[in-house]
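Please read the structure below before turning to the comments.
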Amino acid sequence: MTTIDPARTELQPSEPQPSRRSTGTRATRLVGIGCITAMGWLVAFGLGFSPADRDQKESVRILYVHVPTIWLAYLAFVVTAVSSGLYLFTKKQSLGWDRAAGASAEIGVAFVAVTLAVGSLWGRLTWGVFWQWDARLTTTALLFVTYIGYLAVRRLGGSHQQRAKRSAVLGMIAVVEIPLVHFSVKMWRSLLAEALVANLDGDLRWTGSCCSASSSASSPSRSCTSG
Amino acid sequence: MSPAPSPSSATVDGPVIVLDDVVAVLGQFPALAGAFLTVERGEIVLLRGPNGAGKTTLLRLCAGLLPVERGTATILGFDLSTQRELVRPHVGLLGHQNGLYLDLSVRENVNFWGRTVGASTDEIHAAMARMGVAERLADIPCRKLSAGQKRRTSLACLVARRAQVWLLDEPHAGLDATGRDELDATLAQAAGSGATILVASHELERAGNLATRSVEVIAGQVTALGDKK
Amino acid sequence: MSPAPSPSSATVDGPVIVLDDVVAVLGQFPALAGAFLTVERGEIVLLRGPNGAGKTTLLRLCAGLLPVERGTATILGFDLSTQRELVRPHVGLLGHQNGLYLDLSVRENVNFWGRTVGASTDEIHAAMARMGVAERLADIPCRKLSAGQKRRTSLACLVARRAQVWLLDEPHAGLDATGRDELDATLAQAAGSGATILVASHELERAGNLATRSVEVIAGQVTALGDKK
Amino acid sequence: MSTWKVACLIAAKDLRVERRSKIVTNQVLPFAGITMVSFAFALDKQNVLDTVAPGLIWLATTFSLLILVQRSFSIETDDGALDAMRVAGIDARAIFLGKAMALAVQLLVLEILLLFAAVVFYGESIQSSGAQGPVLAVVLLVTTLVSATCGLAAVGTLYGGLAAGFKGSETLLPLLTLPAVAPVLIGATKAVESAVGTAGAVVSEGWQWVGLLAVFAVAFGIGGALAFGPLIDE
Amino acid sequence: MSTWKVACLIAAKDLRVERRSKIVTNQVLPFAGITMVSFAFALDKQNVLDTVAPGLIWLATTFSLLILVQRSFSIETDDGALDAMRVAGIDARAIFLGKAMALAVQLLVLEILLLFAAVVFYGESIQSSGAQGPVLAVVLLVTTLVSATCGLAAVGTLYGGLAAGFKGSETLLPLLTLPAVAPVLIGATKAVESAVGTAGAVVSEGWQWVGLLAVFAVAFGIGGALAFGPLIDE
Ligand code: HEM
Ligand SMILES: Nc1ncnc2c1ncn2[C@@H]1O[C@H](COP(=O)(O)OP(=O)(O)OP(=O)(O)O)[C@@H](O)[C@H]1O
Ligand SMILES: Nc1ncnc2c1ncn2[C@@H]1O[C@H](COP(=O)(O)OP(=O)(O)OP(=O)(O)O)[C@@H](O)[C@H]1O
Ligand SMILES: [Mg+2]
Ligand SMILES: [Mg+2]
């Protein structure tokens, strides 16, 4: 029956041609070399030069991974939201923005996953359990699932534009959850109108704020085992 | 229809439908791969072509249900890519599905679709009578109707909408002999009073007699100007 | 088909379908209100009648999907009220719906329906080729097919089943000109090799040419013996 | 037809479908009841049940929400009516508002009955201590119900519309909806705890949670109405 | 074709549909995860969580079961394939067995993943006290999983078939299924509690519950296979 006209197949994506030529430019190479050097320094600093913590001993070094990963995820999600907005509100709804949004969300999900994994390992070391039900951890988990949902929506059928519009709307709604995660500790505290008994001293202040806030909402017996 | 531009304001001069090298993509597949078509007011154009040629895709595109991937599509003077919202109130589509609420009765269905465009009770009743679903069937839930009765109800909803551009996807399928005659009379009358009608059909004799022009869709392409009769 | 009586054992003498004052009720409504019909082996009988007359109901009853409320219905010598399980393996129905798995490809669908009755790979391929879905379309998920292509796939599943009694509800609807010709050829050939075919259709010319006899269903009643041709 | 009138037409249509099919009364309600009973079974530990009762009410409501939303959109997609609405040029905001209103009405009925069930099954009772006695607590309870319901209905309609008509929408819907309604779940639970005085909560604590619920409902109501067009459109 | 072969064909077909649409991996799994998270949050009280964790696993499984069953039958009724099966004279027992097997496979995968999630989120761990150490507990756990899964799959398929094709089946299904699986829910919870040693339960206590589960699975398996024909037939 229907024979396909060549014009019909012209729009189908052609197989990516394997290319020997690199896409790099002088500038990107310089940036790359800079990154590798900086990373080397960071690894050396984080694992070797910085002193171990008084209470958490060597395990405090996890912090150097833990916080950057979640901030990277935040960044990725913000990029998703911004590109979504650019897609929706620019005149020429360019699919480039949509692709940027999708790629960025994938990166973000990967990094939240790392935060969750590393965080729970750390939790095992410091609290003795992998997970506890406090505001920040829960909101982080919700953030994770929300963006999994976002990625699922991107896989729905339909035309490119439809998919792009749908996921752009979702990407802009979902980003609201970042402040929710970031301020969760504070919000929770004010909403619960509970005084916190966290008053750790010295260089643990920073770390302690998270630990104690975490434990405040759950069993006191599980609170910071450090010290 | 008050917030949308009133029908008269859309009564532009010049052709009602103009497709210029239009491409529409389903998933990855260019189901419409370069369509050229110009339809004047009052015409009844038959779209024919083999299964999978792209007739349904063409109609859905004109109804604003599919994005225009390339080329320009103009309906009633509005550009489909940018002014879709303005086009829709003037367009009526009968698709492969009927678009009925199966738990509601025939009357309630026609009422709902009619009232959203501000049709009066009389107009609604007239539409039902026109398609022969006004009497015994009026208070039966649509779920219980036979296939042809559902199709008739769907057509009654369409008639109640008083669209300017009618897009019909195999309207004769499932109708009995009387229904076909009623439908043809309805379409001829609508076209006579200024509506523009696109009909996709495989029943070439029946639809061919009705149409003023017939256009062939092959492998997603519409190029022939069509045979004027 | 081994556990069910083999086709040959069902090859009884005498008429294949005998309906004697059969009544079938949908909800409260007697959609079939006294049907008398006798069909011999190798016949192609056209059921015609207005929308809602009860054609679909009659076909679904013969397929064993509806209970016989009153009267006796005998198919291939088996009584439909008591021996429905024995009738079914020999009956194939094409309803208003296609009965496809929309996530599976055309090939996988035909394969599934064919293999449940033990058809060989060759037979399955032949059935697909017969209805024109063997090539480009074979590996496309059915969800993406056009209306006519779905109908063709459904017909291919039916052909692969090698039934003795074919019950077809508007088989031509949605098929293009080639598809109709292929279908008619297929049906004629099946009837020639001993199958018995009931076709409900509103396309009286097309189906009338094909049929050896035509019977009118009106308001749930089938009384006329039909016009022998 | 103004957006508002069309929204009312749509809501009336949805409620009429419900009246015809009696799905909420005959099936969702027993489902919610059973959910609560099965929670009670699964959590059959000393002293646990009465403290977690408010949470259970809202969990049961949330799961019923999922079912209601799915039903609400399956009547639209069963026979392509959603497409027909879009072709008819009906304002997407009207569709959103209309369907959300109908959903809210159904949810509200459900919640009130669940609350009664909790009084019977779990032995909850309205807090009657404090200055004004039970009056304040009842006001708190009613405000909580209304604002939480609006929030739930808005989120449900938004994501229901998004998932409608796609394969696997029955599974996509919970995935999208549950994380989004988690704040409502928490806020409403806390507010109800205050109203019934679980674990020594006092009525005045409840109001900040109601504030959260109201903000949520307004945000999703407005955001949903604006976003619905692009969501259901191609 | 023997009943058994046809059942295998049907199971293979169902699993293939699942592989194509990836609904379980992409949507049901996150749904189950979020269910567990939201339970945990709603029940966020001191010491409650770890004692009720086994119950929560099974509750999440039960809700996922509902979704899976609905999906399993919506692929049959979307385009009238169930009618086609009946007309094709396929033995109803084969349909029941095939669909139940496919369901059981999907459920089992889900449960194993949920168990891992419980280990991480709720801090559960296998009981390693007793004579043989953790070996016995692991055996108990695996037996529980398998027998509970068979029971759930049988009940789900039975009622899924019953509800399939009725209007409002999305709401009828939970109503029928939840009460029927309550024994599984309880038995499996108790058995897992023994395996992980919640509240001082010991491994040996678990076996009687596994017995119950097995009886349930066999009863519903056989009963379902016999009753399925009349159920899906008019
Ligand atoms: C699964 C477990 C955990 C998760 C999901 C998690 C999540 C997060 C998130 C999302 C942030 C970033 C907050 C923001 O700045 O917006 C954060 C920060 C932080 N976390 Fe964790 N965390 C986990 C376990 C831990 C543990 C066990 C510790 C220490 C004992 C810890 C210490 C910190 C510290 C010190 C910060 C930075 C301080 C701050 O920004 O408030 N976290 N965590
Ligand atoms: N994702 C996809 N991949 C490949 N092909 C696709 C996809 N989606 C749609 N198609 C094809 O696009 C075409 C759509 O055709 P359309 O439904 O417009 O046909 P039609 O002319 O209405 O046919 P019919 O007469 O059968 O109704 C079909 O050939 C279909 O197979
Ligand atoms: N519960 C009910 N109450 C009243 N009438 C009913 C009920 N259920 C079905 N009917 C009627 O029974 C008839 C069924 O007809 P059937 O579907 O067999 O018609 P058909 O001949 O196939 O028509 P078509 O040509 O439109 O396909 C219809 O007239 C329908 O309105
Ligand atoms: Mg078509
Ligand atoms: Mg019919």
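Residue numbering restarts at 1 for every chain, and letters A, B, ... go by the order of the sequence lines. Please read these numbers as outputs of a predicted model, since none were measured by experiment.
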Checklist entry - Would you call E:Lys13 and C:Glu108 a salt bridge, taking side-chain N to carboxylate O under 4.0 Å as the test? => result no
Next on the checklist: Strictly by ring-ring contact (aromatic ring centres under 6.0 Å, His included), give each pair with a member in residues 82-115 of chain E just once, sequence neighbours left out.
Outcome noted: E:Phe96-E:Phe228
Checklist entry - Can you name the nearest heavy-atom pair linking E:Arg16 to C:Leu104, along with the distance? => result CG-CD2, 3.6 Å
Checklist outcome for this item: What one should report as the nearest heavy-atom pair of E:Ala81 and C:Leu100 is CB-O, 4.5 Å
Checklist outcome for this item: Distance col, row E:Asp79:CG vs C:Lys150:NZ, nearest 0.5 angstrom, shows 7.0 Å
Checklist entry - Going from OG1 on C:Thr116 to NZ on E:Lys5, what distance comes out if it is rounded to the nearest 0.5 angstrom? => result 13.0 Å
Checklist entry - Are any side-chain N or O atoms of C:Asp103 and backbone N or O atoms of E:Arg20, one a donor and one an acceptor, separated by less than 3.5 Å? => result no
Checklist entry - Applying a criterion of heavy atom separation less than 4.5 Å, what residues of residues 100-115 of chain E form contacts with chain C? => result none
Next on the checklist: For E:Leu82, which atoms come within 4.5 Å of any heavy atom of chain C: side chain, backbone, both, or neither?
Outcome noted: neither
Next on the checklist: Taking the side chain as everything from C-beta on, heavy atoms only, tell me whether C:Arg60 gets closer than 4.5 Å to E:Asp83.
Outcome noted: yes
Checklist entry - Should E:Arg86 and C:Leu65 be marked as a side chain to side chain contact (heavy atoms under 4.5 Å, CB included) after you check the CA-CA gap, both sets of side-chain angles, and the distance that decides it? => result CA-CA 8 Å; E:Arg86 286 161 54 200; C:Leu65 287 176; 3.5 Å; yes
Next on the checklist: Suppose the criterion is ring-ring contact (aromatic ring centres under 6.0 Å, His included): which pairs have a residue in residues 100-143 of chain C, not counting sequence neighbours?
Outcome noted: C:Tyr101-C:Phe112
Item to check | Those residues that, when tested against E:Phe216, pass ring-ring contact (aromatic ring centres under 6.0 Å, His included) (two or more places apart) | outcome: E:Phe220
Checklist entry - Counting only heavy atoms not in E:Arg93, do more than 12 sit closer than 6.0 Å to its CZ atom? => result no
Checklist entry - Shortest non-hydrogen contact from E:Asp78 to C:Gln97? => result O-NE2, 3.7 Å
Checklist outcome for this item: Given E:Ala88, E:Ala92, E:Ala12, E:Gly80, the one with more heavy-atom pairs under 4.5 angstrom with chain C than any other is E:Ala88
